[in-house]
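Here the structure is laid out as structure tokens; the discussion comes afterwards.
By convention in this document, chain letters (A, B, ...) are assigned in the order of the sequence lines, proteins followed by strands, and residues within each chain are numbered from 1.
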2 protein chains.
Amino acid sequence: MADLARELGVSMTTISRALSDHHSIGPAMKQKVLKLAKKYNYQPNRLASALRKGKSQLLGIVVPYIEGRFFPSVVHGIETAASRAGYNVIICQSNEDVAQERRNLDILLSAQVAGILVSLSRTTHDFRHFEKVRSRGLPLVFFDRIVEGDNVNAVVLDDQEGGYVSTRHLLNQGCRRIAHLAGPQHLNIYKNRRQGYLDALREAGLPEDESLILYSDMAQDQGAEGMRQLLALPSAPDAVFAAGDYCALGALQEAHRQGLRVPEDVAIAGFSNETFTVITQPPITTIDQRCEEMGQAAVRLLLEIIEADGRPFTPRQVALRPELLVRGSSDRLPAVPAGPLRDPSAKFIGTLA
Amino acid sequence: MADLARELGVSMTTISRALSDHHSIGPAMKQKVLKLAKKYNYQPNRLASALRKGKSQLLGIVVPYIEGRFFPSVVHGIETAASRAGYNVIICQSNEDVAQERRNLDILLSAQVAGILVSLSRTTHDFRHFEKVRSRGLPLVFFDRIVEGDNVNAVVLDDQEGGYVSTRHLLNQGCRRIAHLAGPQHLNIYKNRRQGYLDALREAGLPEDESLILYSDMAQDQGAEGMRQLLALPSAPDAVFAAGDYCALGALQEAHRQGLRVPEDVAIAGFSNETFTVITQPPITTIDQRCEEMGQAAVRLLLEIIEADGRPFTPRQVALRPELLVRGSSDRLPAVPAGPLRDPSAKFIGTLA
DNA sequence: TTGTAAGCGTTATCAC
DNA sequence: GTGATAACGCTTACAA
């Protein structure tokens, strides 16, 4: 910058203003500066700028890990939304370890990020380290694995809605005995999916039948085992809603082993839209978790807080509407003319309980 | 820092030295400073430090996107290795767009990163924007999608070796007519996998039979179609080496449709270790691309260059040894006692051609 | 519209 | 072993 100033015989102030498009700068001057900057291949130093302004163009992400289908997609969404807004992203993994999570927060604080996005590690039960962030006035948004409560900013998938629409769909296909392969009920996601399932049944006037609900850890072979048990019932179900795709896959494979046709004899639906659900035969109906939208929604919320710039901001919890993907494993009706397109943008459903 | 200095009645210099563990500092003083820093919850400002030192603790990553199985795993490996070495990582996506890739490089330059890791966008055919990086003396390492040549630092998977070990394995299983579902030969990865396949055949004294090599874009249905064609041959193959897992899956499904047993009637092997290969029945033998090791190897190389600190560094190309994962789709022999464990560390095989 | 000068938080240099 | 001071590159009152 000093070079440019010297060469043009103006002050660095003018250079700075021209480069950052300040209002009180002559268009002529601006052009000259920009041209010379290009010629000299001038690279602004964001460190210096951030240091002076006390605000960087960096957002921090803390995730348990960058593997599998979910987190990479969310990070993808975050990076995309952030860079669109002129921010870049520092990414940290906690490896499901609170201590590491704490360290990551410290690092992000000292990197002077403008805001932080966090999905909690599985071992985080004490949330005091987030107080440090809050006390520094640093915008903070949780996603997916969140701190519960209405005094935090958070974005999650509406799992109950997911269980509900999935079960409704099976009902619409004419199924009347719908079993549920449920996950560990101490985890909110599985509890909510089950609740949505029950909601749909009740709404349809069907009885809640505990013999049709089987609990497991949702692994592939547990899905197979579940299906085996269900098919051995005096009156076997005509549909299975599994709270996870691996479990649904096991169920599908077991059904085939027993010579049943899917979806004619038994319809199957899973949850999560794992990559493999489209390559099975038939492909598996499932619920998309809108990973990317979750990332984008989290960034939107974070930017709102950043832009509030210290002014009081009422914490908000956003629940994303899950998307039902109807595929061969549950599609038993003749094709119907398509309805209006679903609005693909992330939805605010309401404040969480 | 100023506060600490005042409270202890010493200069900021002393504080700085105590905090950064400078040699000329009294252990007593050091303890006092550290204690007080803890009490006041002192957070170093890495921006200021980096500005002053002219070097940040940040590495930049540019990838086409963070989706699928490959890139997230590599990023995982990069972040893990980087944070172990005290670095953090800024991640940028090029979305397979050169222009964006160029912009990303500019951003990373202006963020004063200590080094850059790049996997090229598919639309990058002109490499001039990397000159800017080089001319600034900034350490640069390519991975997976690299600039060819021996004047760049690069880490790749040895695809030819992958094709070779895969085919060798099928030979060891007693197969003698081994077909190959090949990918587009203008892409190096597919060309190399095919070459490895041919190498193994030649080594075994088997003829190269072009009627057993089918070319496609490697999609699932193309794998099925390929298998159909192969099975219609006057003398059908007893094994298929597919250059991709989706293609292998299609082949597997088609074999089942035609009532063949896998691996008894026809053995199948894929490439990439996609997640779904373990959930099929039988699970699919494949080649692991060592994504995580690739990330780690790239960081190791980058750190070496960083530590050379401007001193001449001879560019190096590293080829990682792929790992054969033998699974049900090709395992036709009785189990053999396990040999010595394979060294799991990333391997330097040699300079690329 | 432009310039002057101070300062963001740290560290390297040089002197003591 | 410790301190004073300048400097890293940029922005922004305040003044002109």
Side-chain angles (χ1 to χ4, degrees), chain A residues 1-34 36-37 40-58 86 106-114 136-138 309-310, chain B residues 1-34 36-37 40-58 86 106-114 136-138 309-310:
Chain A
M1 264 178 56
D3 296 349
L4 302 190
R6 203 174 319 110
E7 176 136 352
L8 288 178
V10 297
S11 75
M12 274 179 46
T13 308
T14 303
I15 304 295
S16 170
R17 284 178 177 145
L19 291 172
S20 51
D21 205 25
H22 192 271
H23 64 274
S24 71
I25 191 79
M29 187 81 248
K30 195 169 123 184
Q31 284 317 311
K32 279 206 295 188
V33 173
L34 290 182
L36 202 66
Y40 274 40
N41 234 308
Y42 166 76
Q43 280 287 149
N45 184 327
R46 300 178 109 197
L47 288 184
S49 164
L51 177 61
R52 175 60 235 251
K53 301 209 277 200
K55 268 299 149 222
S56 75
Q57 290 296 101
L58 291 172
D106 272 338
I107 287 170
L108 293 177
L109 283 174
S110 68
Q112 313 295 118
V113 296
R136 284 229 178 0
L138 199 58
D309 197 30
Chain B
M1 263 178 55
D3 296 349
L4 302 189
R6 201 173 323 109
E7 175 137 353
L8 289 178
V10 298
S11 74
M12 273 178 47
T13 308
T14 302
I15 304 295
S16 171
R17 283 175 176 147
L19 292 172
S20 51
D21 205 24
H22 192 270
H23 63 273
S24 72
I25 190 79
M29 187 82 253
K30 195 169 121 184
Q31 284 317 310
K32 279 206 295 187
V33 173
L34 290 182
L36 202 67
Y40 275 43
N41 233 309
Y42 165 77
Q43 281 286 147
N45 184 328
R46 301 178 108 196
L47 288 185
S49 166
L51 176 60
R52 177 61 237 249
K53 302 208 277 199
K55 267 299 149 225
S56 76
Q57 291 296 101
L58 291 172
D106 273 337
I107 287 170
L108 293 176
L109 284 174
S110 68
Q112 313 294 119
V113 295
R136 285 229 178 0
L138 199 58
D309 197 28

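For the pair B:Val10 and A:Tyr42, both in contact range of DNA chain D, the more 5′-proximal nearest nucleotide belongs to B:Val10. Ranked by how close their nearest DNA chain D nucleotide is to the 5' end, A:Ser49 and B:Ser11 are led by B:Ser11.
Contacts of A:Gly26 with the nucleic acid, taken as non-hydrogen atoms under 4.0 Å apart, involve only primed sugar atoms and P, OP1 or OP2. Within 4.0 Å of A:Thr14, counting heavy atoms only, lie sugar-phosphate atoms of the nucleic acid but no base atom. Contacts of B:Leu47 with the nucleic acid, taken as non-hydrogen atoms under 4.0 Å apart, are absent. Nucleic acid contact for B:Gln112: none, since no nucleic acid atom lies under 4.0 Å from a heavy atom of the residue.
For A:Arg17 against C:dG3, a side-chain N or O and a base N or O form a donor-acceptor pair under 3.5 Å.
Protein atom CG of A:Leu109 is 16 Å distant from nucleotide atom C1' of C:dG9, rounded to whole Å. Nucleotide C:dC8 holds its P atom 16 Å from the CZ atom of B:Arg52, rounded to whole Å. What separates NZ of B:Lys53 from C1' of D:dA7 is a distance of 15 Å, to the nearest Å. Note: NZ (A:Lys55) to P (D:dC10) measures 20 Å, nearest angstrom. Remark: C1' of D:dA13 and NE2 of A:His22 are 11 Å apart, rounded to the nearest angstrom. One atom, CE of B:Met12, and another, P of D:dT2, lie 16 Å apart when rounded to the nearest Å. For the pair A:Leu51 CG and C:dT11 C1', the computed distance is 13 Å after rounding to whole Å. Whole-Å rounding puts the B:Asn45 CG to C:dT11 P distance at 10 Å.
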Legend entry - side-chain contact (heavy atoms from CB on, under 4.5 Å) between A:Gln112 and A:Leu58, intermediate numbers included: CA-CA 8 Å; A:Gln112 313 295 118; A:Leu58 291 172; over 6 Å; no
Inset, instruction - Step by step, work out the side-chain hydrogen bond (donor to acceptor under 3.5 Å, both in side chains) result for B:His22 and B:Ser24. - result: CA-CA 6 Å; B:His22 192 270; B:Ser24 72; 3.1 Å; yes
Inset, instruction - Walk me through it: do A:Ser56 and A:Arg46 pass the test side-chain contact (heavy atoms from CB on, under 4.5 Å)? - result: CA-CA 8 Å; A:Ser56 75; A:Arg46 300 178 109 197; over 6 Å; no
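Looking at the side chain of A:Thr13, the nearest of the listed nucleotides D:dC10, D:dT12, D:dT2 is D:dT12. Of the listed nucleotides (C:dT4, D:dT2, C:dT10), D:dT2 has the atom at the smallest distance from the side chain of B:Met29.
The residue from A:Leu19, A:Ile15, A:Val33 that alone fulfils the side chain to side chain contact (heavy atoms under 4.5 Å, CB included) condition with A:Tyr42 is A:Leu19.
By the 6.0 Å contact criterion, NZ on B:Lys32 is open, its count of non-hydrogen atoms from other residues, nucleotides or ligands being 12 or less.
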